[in-house]
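Atoms considered below: every heavy atom in the structure, side chains included; atoms not considered: hydrogens, waters and symmetry mates.
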Amino acid sequence: MFKPVLFLSLASLVAAPAFGQDVWDDYSPWEHSVEGEVVLAIAANDDDKGGEKFLGAASVTGKSTYIFDSGLIIGAVGQIGLQKDHPARAGFSSVVSGNAGSTALTAPYTGASSALVPEHVGPRAALEKAYLMLEGGYGEVRLGRDEGVATQFHTGPEPILNAVTVTNARLDPLGSVFARTDHDVTGPSVKVSYTTPRILGVKVGASYTPDADVRGLDRDPARRVAGGPGVSIEDTWELALNGSRRLRGSGLRIEGAVAWSTAEVSAANFANYGRMTTVSAGLTVSGESWSVGIDHVASDNGVSAAMSDYTASSIGVSKQWGKTKLGVFHAQSRDEFLRIESDATSLELGYEALDDLDIAIAYQDIGMKLPNSASFQAISPDTHGVVIEITRRF
């Protein structure tokens with residue numbers, strides 16, 4: 001009962017300027033669009049180190065809107081995706097390492113686990129978005145499967161690679177990327193969000209997710225690993241602010257964002273979980289042919305005990321010459337709860353072969369520090385290799 005009432009209340013506020021519109025007149029401007037993307041990653045690494053040579057992802061997004069004379073927009077958005085990721089790190093989460101003689105743990109912010117049995121996950125499909133939207137003079141309301149405002153507003157480094165990145169990776173051939181700065185606590189779970197219009201370059205948003213019970217491709221809060229504690233994330237509130245400004249004359253664009261979220265974390269066989277608080281910030285400065293970005297996230301993992309936090313930061317710079325881009329990106333992360341640290345660098349070169357076809361190559365060096373007591377490691381703690389990424393949009 002709560003979600004429909006809240007949605008209708010926000011919708012009435014957003015739609016206020018459109019009251020009095022006659023929806024039965026002859027003016028009926030429907031707009032429909034369908035977009036797709038296919039990403040293929042080819043990696044040169046050793047299979048003996050747990051690497052994957054061929055990974056891929058595909059998605060199709062559909063949007064249908066109706067625009068009233070008053071400017072009010074109502075619509076629906078849907079997205080389905082298919083993905084083949086590293087079998088031990090599908091959806092970024094899953095089992096990183098484990099010890100048969102210790103208690104299995106799951107870090108709620110990333111979803112990574114130190115469970116007893118490694119995973120081997122094949123290709124997966126998921127409904128990534130399915131929401132209704134209402135946009136008017138007082139902002140936008142969304143209800144359904146969608147990202148929260150903390151993720152929507154996120155800004156930071158702008159990688160040249162589309163999916164095989166060293167931060168917030170969608171595909172991970174080496175299985176060793178552990179930095180997550182996009183502040184995605186709930187994944188594509190059902191939520192209600194409100195975003196103000198941008199005023200003097202600034203917009204503010206809020207999201208509420210009753211239960212993060214949906215399995216997404218790149219954030220899987222409902223993941224249950226063998227031997228793991230079965231973490232539940234509920235009652236999640238997010239607040240975010242994004243500011244963007246273009247300086248006249250210089251062509252310089254500055255964008256920054258800050259976000260805060262709180263969620264109730266619980267597990268049937270682990271009493272130390274409680275309220276999880278996460279904060280994040282990011283900054284991007286760009287010109288006509290260059291970009292510099294930095295971001296940071298910190299979460300207490302919902303555990304009150306000392307030495308349980310997760311932190312991650314990344315920085316990147318890129319330069320463009322015509323259709324060619326060159327960039328270098330670095331990321332660090334530390335999960336005190338799971339006792340895992342990571343340090344990753346990616347040197348990337350990209351070329352826009354066609355308007356809808358991008359080709360990129362990167363050399364990536366990733367180091368991880370795993371618990372010394374681990375009886376097995378699902379991925380190699382120190383890896384490096386070359387990856388080629390091809391992205392086709394339609």
Quick check: do L127 and Q79 have side-chain heavy atoms less than 4.5 Å from each other?
no
Salt-bridge present (D220, R215; N to O < 4.0 Å):
yes
Just say parallel, tilted or perpendicular for the rings of W237 and Y208, cut-offs at 30° and 60°.
tilted
Would you say L349 and T324 make side-chain contact, with heavy atoms under 4.5 Å?
yes
Show your working on side chain to side chain contact (heavy atoms under 4.5 Å, CB included) between L40 and E389 and close with a plain yes or no.
CA-CA 6 Å; L40 174 65; E389 182 186 90; over 6 Å; no
Look at the aromatic rings of H32 and W30 and report parallel, tilted or perpendicular, splitting at 30° and 60°.
parallel
May I ask you to establish whether K203 and F153 are in a cation-pi arrangement, using a distance under 6.0 Å from NZ or CZ to the six-membered ring centre and at most 45° from the ring axis?
yes
What closest approach, in Å, do R219 and T110 show between heavy atoms, and which atom pair accounts for it?
NH1-O, 3.9 Å
Got a salt bridge between R392 and D356, using NZ or NE/NH1/NH2 to carboxylate O under 4.0 Å?
yes
Taking all heavy atoms of S308 and all of N301, pick out the closest pair and write down the distance.
O-ND2, 3.1 Å
Taking P108's backbone N and O only, do any of them form a donor-acceptor pair with T106's side chain (distance below 3.5 Å, no angle check)?
no
Do L82 and R124 touch side chain to side chain, with heavy atoms closer than 4.5 Å?
no
Hydrophobic clustering (ILVMFWY, side-chain heavy atoms < 4.5 Å, transitive) - are F178 and V231 grouped together?
yes
Any chance CG of L354 has more than 12 other-residue heavy atoms, nucleotides or ligands included, within less than 6.0 Å?
yes
With the threshold set at 4.0 Å, does a side-chain nitrogen-carboxylate oxygen contact exist between E37 and R170?
yes
Test item: L72 and E135 side chains (from C-beta on) under 4.5 Å apart, heavy atoms:
no
Checking S286 against S291: is there a side-chain donor and acceptor pair closer than 3.5 Å?
no
Do L132 and R142 have side-chain heavy atoms sitting under 4.5 Å apart?
no
Would you say the side chain of D300 lies within less than 4.5 Å of the side chain of V303, judging by non-hydrogen atoms?
no
Work out which heavy atom in S261 is nearest to a heavy atom in E238; give both atom names and the distance.
CB-CG, 3.9 Å
Lys/Arg N to Asp/Glu carboxylate O, R334 vs D309, below 4.0 Å:
no
Taking all non-hydrogen atoms of both residues, which atom of S318 and which atom of F329 are closest, and how far apart?
CB-CZ, 4.3 Å
Going by the side-chain hydrogen bond (donor to acceptor under 3.5 Å, both in side chains) test, name the single residue among T167, D343, T311, T345 that passes it with Q332.
D343
Determine, for D235 against R275, whether the closest basic-nitrogen to carboxylate-oxygen distance falls under 4.0 angstrom.
yes
Grab the two heavy atoms, one from A360 and one from L161, that are nearest each other, plus how far apart they are.
CB-CD1, 3.8 Å
Quick one: closest heavy-atom pair of M368 and S342, and the distance?
CG-CB, 4.1 Å
Checking side chain to side chain contact (heavy atoms under 4.5 Å, CB included) against P157, which of D295, T284, V166, V292 comes through?
D295
With the side chain counted from C-beta on, respond yes when I67 and E31 share a heavy-atom pair under 4.5 Å apart, and no when they do not.
yes
Can you classify the ring geometry of H384 versus Y363 as parallel (below 30°), tilted (30 to 60°) or perpendicular (above 60°)?
tilted
Salt bridge or not for E158 and R253, using N-O below 4.0 Å?
yes
Passing option when D85 is tested against D218, L55, L217 for side chain to side chain contact (heavy atoms under 4.5 Å, CB included):
L55
Got a donor-acceptor contact below 3.5 angstrom from the K191 side chain to the D146 backbone?
yes
